[in-house]
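One structure below.
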Number of protein chains: 2
Amino acid sequence: MQSYTEENYLKTIYHLAEKTTNVQTNAIAEQMQTKPASVTDMIKKLADKGLVDYIKYQGVTLTETGKNTAIDIVRKHRLWEVFLVNKLNFKWDEVHDVAEELEHIKSIELIERLDEFLGFPKADPHGDPIPDKNGRFAKTQFIKLIELKMGDSGTITGVSQHSSAFLKHLEKLGLTLGKQIHISDITDFDGSVEIRLSDKQINISREVAKHILISSDGKN
Amino acid sequence: MQSYTEENYLKTIYHLAEKTTNVQTNAIAEQMQTKPASVTDMIKKLADKGLVDYIKYQGVTLTETGKNTAIDIVRKHRLWEVFLVNKLNFKWDEVHDVAEELEHIKSIELIERLDEFLGFPKADPHGDPIPDKNGRFAKTQFIKLIELKMGDSGTITGVSQHSSAFLKHLEKLGLTLGKQIHISDITDFDGSVEIRLSDKQINISREVAKHILISSDGKN
DNA sequence: TTAAATTTTTAGGTAAATCTAAAAATTTTT
DNA sequence: AAAAATTTTTAGATTTACCTAAAAATTTAA
């Protein structure tokens, strides 16, 4: 059994490991809003428990057990987010902090029943995949909007930035999950992207375009 | 803001205060599954925070603030129990432990929306009243089944024992909330009670009868 | 390939919530 | 109203998850 804090470390390491193989102490510290010295302490503890492999000065990787634990926490987090949005009518930019707490409730039965109650959703309100009870989920094949060429089309299926500010901005622009988009122009001057939606034409900055994930349904 | 542990102390003191005015150190220790020395430490802390009034060797009472905090935790606990039973199909004997964790999730918005989602329930699955968002709830006028006389009738509206064993037993006997009962006989020998339900006649021990709460809808 | 910069670890300490053992206060019994 | 029993508190430790400051290892730059 892991403590609340240990679970958060595992989750953080899991997410960081999606980008780099060996997760560094400083990176964990930054993510966890704590100091590198504290991270070293915790890493040792997790290594003793067999949840991470750790070589001094070389960073950590999750063991099989550690990875499974992390995925289970991610599963809970995303299921709770679906609950908050679909059942309690929270906005997609309001759910992160509460889900951050709910993900630590320890009851397998609870999460199985919640999953069923929600209709076994495959993705959370931000388009991130929800692992099933065996920890399995489809590796999603997303393209960043910024990588699309003029004339390309696609559907918004995710975001790679979960800050409330960013999500609120998207909402205001009408760029929500499931929306069909078409790249009508890419501005030479600042790289901003002109997008055609079903009902309107908008312009978004490169910075925004970087964090929108598209499942391309064919070029045009 | 209170810690998880502080919240549990406040809740425990609140429940004990329903029986005695001055709550004793040992009683808290027993309830919290901890040692009296630890309770003394925590009581001092709660007193410093203005949540309890404390006189050495004289036990504690909740302050207004302390009481409000406790009631808020009770509200959360009972709303989550309703959620678990009504939405996730848990049995009434399976919800206590999970609700014990869920009650500490800190989000006013969450609990307001949950309350609404559940249709502003007035009682939890055991018949205990759910405080509204201002902490108000009706003082329920229950009579213990054991206090009824032969020939009396009433409706089961609560239980004063939440152990899984007891609740499972009631379930098996068909003694669930809302059931109409009629006292057809009280056995001289062992004080056990013979009860007529709509569809059958059963006999329950004094011990069981003590913990069933009845709203009497007129004598007969 | 040293020197400088960065990253990571170690050493020693703090606060929260516990504990045990012993002392002090209160209550009950004789 | 003493003595005995019980309850409560104090004193001093322990564990978890932190911290700061300094030392050690690694990486980058000159």
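Being a predicted model, the structure only gives us computed values, none of them experimental. Protein chains get the first letters and strands the later ones, always in sequence-line order, with residue 1 at the start of each.
- At whole-Å resolution of the value, CG in B:Asn22 and C1' in D:dT7 are 14 Å apart.
- In this structure, OG on B:Ser163 lies 10.5 Å from NE2 on B:His169, to the nearest 0.5 angstrom.
- Between the P atom of C:dA16 and the CG atom of B:Asn8 lies a distance of 18 Å, rounded to the nearest Å.
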### Message
As a check on the pairing definition, encode DNA chain C in dot-bracket form, counting Watson-Crick and G-U wobble pairs whose two distances are under 3.5 Å, and using | for partners outside this strand.
### Response
||||||||||||||||||||||||||||||
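- Both the sub-6.0 Å distance and the 45° axial angle are satisfied by B:Lys87 relative to the ring of B:Phe117.
- When the side-chain nitrogen and oxygen atoms of A:Asn26 are compared with OP1 and OP2 of C:dT6, none of them lie within a distance under 4.0 Å.
- Using a 4.5 Å cut-off on side-chain heavy atoms (C-beta onward), A:Glu109 and B:Val98 make no contact.
- In terms of position on DNA chain D, the residue among A:Glu6 and B:Tyr54 whose nearest nucleotide sits closer to the 5' end is B:Tyr54.
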### Message
Treating primed atoms plus P, OP1 and OP2 as sugar-phosphate and everything else as base, which nucleotides of nucleotides 18-23 of chain D get B, S or - for protein heavy atoms under 4.0 Å?
### Response
BBB---
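- The distance from atom CD1 of B:Ile28 to atom P of C:dT18 is 12 Å, rounded to the nearest whole Å.
- Between A:Asp72 and A:Lys76 a salt bridge is recorded (basic side-chain N to carboxylate O distance below 4.0 Å).
- Between A:Lys210 and A:Glu207 there is a salt bridge, with a side-chain nitrogen of the basic residue lying less than 4.0 Å from a carboxylate oxygen of the acidic one.
- OP1 or OP2 of D:dT10 has at least one side-chain nitrogen or oxygen of B:Lys56 nearer than 4.0 Å.
- Residues passing the ring pair (Phe, Tyr, Trp, His ring centres under 6.0 Å) test with A:Tyr57: none are found, sequence neighbours excluded.
- We find that NZ of B:Lys49 is positioned 8 Å from P of C:dA16, with the value rounded to whole Å.
- Distance B:Ile43 CD1 to C:dA16 C1': 17 Å, rounded to the nearest Å.
- The side chain of A:Gln24 places an N or O atom within less than 4.0 Å of a non-bridging phosphate oxygen (OP1 or OP2) of C:dT8.
- Listed nucleotides: C:dT8, D:dT8, D:dT26. Nearest to the side chain of A:Gln58: D:dT26.
- Within the model, atoms CD1 of B:Ile156 and CG of B:Leu175 stand 4.5 Å from one another, a figure rounded to the nearest 0.5 Å.
- Tested against B:Asp115, the residues B:Lys122, B:Arg75, B:Lys133, B:Arg78 include a single salt bridge (charged side-chain N to carboxylate O under 4.0 Å, His left out) partner, B:Arg75.
- Counting only N and O atoms by type, the side chains of B:Glu81 and B:His126 include a donor and acceptor under 3.5 Å apart.
- Residue B:Thr25 is in sugar-phosphate contact alone, with no base atom involved, counting any heavy-atom pair closer than 4.0 Å across all strands shown.
- If you measure from atom CD1 of A:Ile55 to atom P of C:dT9, you get 11 Å, rounded to the nearest angstrom.
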